[in-house]
Amino acid sequence: MVVQALKDQGVDTVFGYPGGAVLPIYDEIFQQNDIRHILVRHEQGAVHAAEGYARSTGKPGVALVTSGPGATNAVTGLTDALMDSIPIIVLTGQVPTFMIGSDAFQEADTVGITRPCTKHNWLVKETDQLAATLHEAFHVATAGRPGPVLIDIPKDVQFATGKYAPPKPSTSHYQPRLKGDMEEITELVAAMETAKRPIFYTGGGVINSGPAASQLLRELVDATGFPITSTLMGLGAYPASGKNWLGMLGMHGLYEANLAMHDCDLMINIGARFDDRITGRIDAFSPKSIKAHIDIDPSSINKVIKADIPIVGDVAHVLEDILKVWKSRGRKTNAEAVAKWMGVIDGWRSKNCLAYTNSETSIKPQYALERLEALTKDRKDRFICTEVGQHQMWAAQFLGFEDPNHWMTSGGLGTMGYGFPASIGVQMAHPDALVINVAGEASWLMNMQELGTAAQYRLPVKQFILNNERLGMVRQWQELLHGERYSHSWSEALPDFVKLAEAFGAKGILCKDPADLDDAIMEMIEYDGPVIFDCLVEKHENCFPMIPSGKAHNEMLLGEAETQGVIDAKGSILV
Amino acid sequence: MSALHIKKGASKHSAYNLRPTFSDVMERHTLAVLVENEPGVLARVIGLFSGRGYNIESLTVAEVDHTGHLSRITIVTTGTPQVIEQIKAQLGRIVPVHDVHDLTVEGASVERELAMLKVIGEGDKRVEALRLADIFRANVVDSTLNSFVFEITGAPEKIDAFADLMRPLGLSEIARTGVAALLRGD
């Protein structure tokens, strides 16, 4: 019944790991060919792979794990998906209903443990409820602000036969509102017509809303000529090559993007949530602007920053209405002032905030990513995943994204170990695509067991490891905040990544000379199979620009300036 | 969206005021939350309050619609206007929550709580306890030669006042139900 429900929901791939409490479902999987099951090497990997699948396709990802440790291992992935609003369905086995509560072998209170890290979860105790619950789970995961859901299925319920009902349009009361309030939308359009220093600030909500939202966003940005910046999660909604693109904003965002946010007079937040990585010091955040906030989740509005024009609705629906109203009122903007504003922004841009000192002897991580970008940007089928840390920020700064759903990264939770399994999920969804995971060596080691998965299914995922033998971001913070006492932030006893790759039947490439880099990257791209690219980079490079904790947007640090003592005691308690 | 009780038309006219003034003044609000009566729903509500650091002054829950499988949770909470708005929005986000009403802003409401108090004493104290109980319209639901159990219903402040008076007269135990509340009128 479970497998039938998955098929009826259009699922083609399930990431999972078997165990005692899910054997009946695995038995069904064995006896059919419509759904591919990908055997991961750890349940966390299954959930991240499902996230990668979901993020790169716009369809919900599915993971299947056993009870007890299988479920607890899934918790990190669930939390990650909750923070980044990724629709995934996790099925967990459970001990038989009559044994629940008896501390049975591999029993855990799965719905209790995962209640705060799922959008919703269910324990199905009656077989007749199973089909309806599965269908409802797909509805809840994808409706409104997407998120992870979990269904806990006791083993006796899996064995029993019950009535199966195919999916039908959801009749549940959970029907989030999609259309925005026309009065508020009109107010926003009126503000857009007169704004002298407007800016679009977009987030993952644009991607989650679907391809139509990105299309409408592009139309609106190009028609109004307003500058646009985006959060980490929103990269790709507006093309990096677009003429109004300012680059990413936030703690490691671009100078021009952050200063434009600080000095604007109209901020139009589309599907972003004023995360603390974006706002910096709240009381100094864009003090002079009117703030419009479009979000499908009413709890995002006024949570952190007071919205002057709040619009609850789906991004695509709201953008469509904004365009309609704006056009019907005569496509007005304060063009002269906006042109002047763009001039101011160009002044900031000329600072060239991503500048770094290159080296002929060692590979700078920024250079490695510049070369990766140069050698792969023409491929429309390029998908980038990342782990978490300096490399993630450099990837966001130096790689350009032209389309939505081509950038998979752990934003809200910041999960080291996300990228490798996510790249497996992306590659499963796009078998012929070029899937690259930009990684740091420490993050990558956190889920390195998935090399077995990549090798087994011959998934040509490219693991581009910027190896500085350090927890680079931790090291950077220790340098700035903790008197250069580098407590446990170096990677001792690293493996020989080339030999490690070969041990799993994958290809390993080592590169440490900038002169060899291009050839090595091409070798990686051209190899048909999984590759570990061990790129030995400069060990003490810091990631700039940076807004230190507790500082405002206009107090950014640029480059290798004197950085000691810039974070005061109050800021140092922030992370 | 119905679960959030945001009315059609301008959201600023809804019970969910999306344009609050951020203020530091602590307010006390009574929220009525209509939820699907399913396992774990109370844990979701309580987990939201503990997980996000909100206050619960009182919480009562019981099924109110057997055929519709609905329960009503009445929560008394305190916070700044911004926090109260967040609490309502976060409650509305919980999938089995059907409706959130802020009785404090939606109009005049009546709040009642039931309490039982055990008072142990002899002689004059016992007579005085009984006399005060009469004034507060508390009922005696159990009596021995040296103790009473009083049942009292009323606004929480009335129960506080009654308990304060009983304390010197031998109050030994008190059990309170927490607040139940309804909007006045139709």
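Only heavy atoms go into these numbers, but all of them, side chains included; no hydrogens, no water, no symmetry mates. Each chain gets a letter, A, B and so on, in the order its sequence line appears, and its residues count up from 1. Keep in mind that what you see is a predicted model, and the values were worked out from it rather than measured.
- The environment of B/Leu165 atom CG is dense: over 12 non-hydrogen atoms of other residues, nucleotides or ligands sit within 6.0 angstrom.
- At least one side-chain heavy atom of A/Asp297 sits less than 4.5 Å from a side-chain heavy atom of B/Arg93.
- The distance from atom CD1 of B/Ile94 to atom NZ of A/Lys119, rounded to the nearest 0.5 Å, is 13.0 Å.
- Counting heavy atoms of neighbouring residues, nucleotides and ligands inside a 6.0 Å radius, atom NZ of B/Lys158 exceeds 12 of them.
- Proximity to chain A (any heavy atom under 4.5 Å) is shown, for B/Pro39, by neither the backbone nor the side chain.
- Of all heavy-atom pairs spanning A/Ser299 and B/Gln86, the tightest one is O-NE2, 2.6 Å.
- B/Arg44 places a side-chain heavy atom less than 4.5 Å from the side chain of A/Asn121.
- Although no hydrogens or angles enter the test, the distance criterion places a donor-acceptor pair under 3.5 Å between the side chain of B/Gln82 and the main chain of A/Asn302.
- Although no hydrogens or angles enter the test, the distance criterion places no donor-acceptor pair under 3.5 Å between the side chain of A/His173 and the main chain of B/Asp99.
- In this structure, A/Pro298 and B/Lys88 have side chains that are not in contact, with every pair of non-hydrogen atoms separated by 4.5 Å or more.
- Applying the 6.0 Å contact sphere to CG of A/Asp103 captures no more than 12 heavy atoms from other residues, nucleotides or ligands.
- Counting heavy atoms of neighbouring residues, nucleotides and ligands inside a 6.0 Å radius, atom CZ of A/Arg329 exceeds 12 of them.
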